[in-house]
Amino acid sequence: MNDCLVTFRSVTPAQRGQELLERAGYRCCLRRTPSSLAEQGCGYVLEMPVSQVRAALEMFRQNEIPFQRVFLRENGAFRELML
């Protein structure tokens with residue numbers, strides 16, 4: 001299964017994003033950034049199904065929750081998405 005990872009610089013906006021999504025009924029998991037992405041300068045990710053990433057990003061924008069980048073995990077590798 002392919003998941004998306006939305007990156008955040010620090011834990012506080014990631015936690016705010018997680019709370020927002022969970023209140024709206026979306027599924028996500030807060031994790032430390034995988035080591036292969038850590039060099040990008042982001043410390044935390046919200047991992048979620050691909051099907052909900054666009055809605056999640058819109059909710060983050062509307063609620064002024066600053067995220068950094070979005071990555072798709074395919075077969076154990078990451079590819080940045082431009083959304």
Nearest-0.5 Å distance, CD of residue Gln15 to CD1 of residue Ile65: 11.5 Å
Partner set under side-chain hydrogen bond (donor to acceptor under 3.5 Å, both in side chains) for Arg32, not counting sequence neighbours: Tyr44
Arg31: side chain to side chain contact (heavy atoms under 4.5 Å, CB included) partners, not counting sequence neighbours: Cys29, Val45, Glu47
Close side-chain approach of Arg9 and Pro66, heavy atoms under 4.5 Å: no
Sub-4.5 Å side-chain heavy-atom contact between Met48 and Leu21: yes
Test log, rule side-chain contact (heavy atoms from CB on, under 4.5 Å), inputs Phe67 and Thr7: CA-CA 6 Å; Phe67 63 91; Thr7 62; over 6 Å; no
Val50/Asp3 under side-chain contact (heavy atoms from CB on, under 4.5 Å): CA gap, chis, key distance, verdict: CA-CA 5 Å; Val50 173; Asp3 286 331; 5.7 Å; no
Residues which pass side chain to side chain contact (heavy atoms under 4.5 Å, CB included) with Glu74, listed by chain and number, not counting sequence neighbours: Asn2, Leu72, Arg79
I'd like a table of donor-acceptor pairs (distance under 3.5 Å, sequence neighbours excluded) in which one partner is a side-chain atom from residues 56-63, with atom names and distances.
residue: Glu58; atom: OE2; partner: Gln62; partner atom: NE2; Å: 3.1
residue: Arg61; atom: NH2; partner: Leu83; partner atom: O; Å: 3.3
residue: Asn63; atom: ND2; partner: Met59; partner atom: O; Å: 2.8

Steps toward side-chain contact (heavy atoms from CB on, under 4.5 Å) verdict (Leu46, Leu5): CA-CA 6 Å; Leu46 285 179; Leu5 283 76; over 6 Å; no
Cys28 versus Glu22, closest heavy-atom pair with distance: O-OE2, 4.0 Å
Nearest-0.5 Å distance, CZ of residue Arg69 to CZ of residue Phe8: 14.0 Å
Which residues share a side chain to side chain contact (heavy atoms under 4.5 Å, CB included) with Ala55, sequence neighbours left out: Tyr26
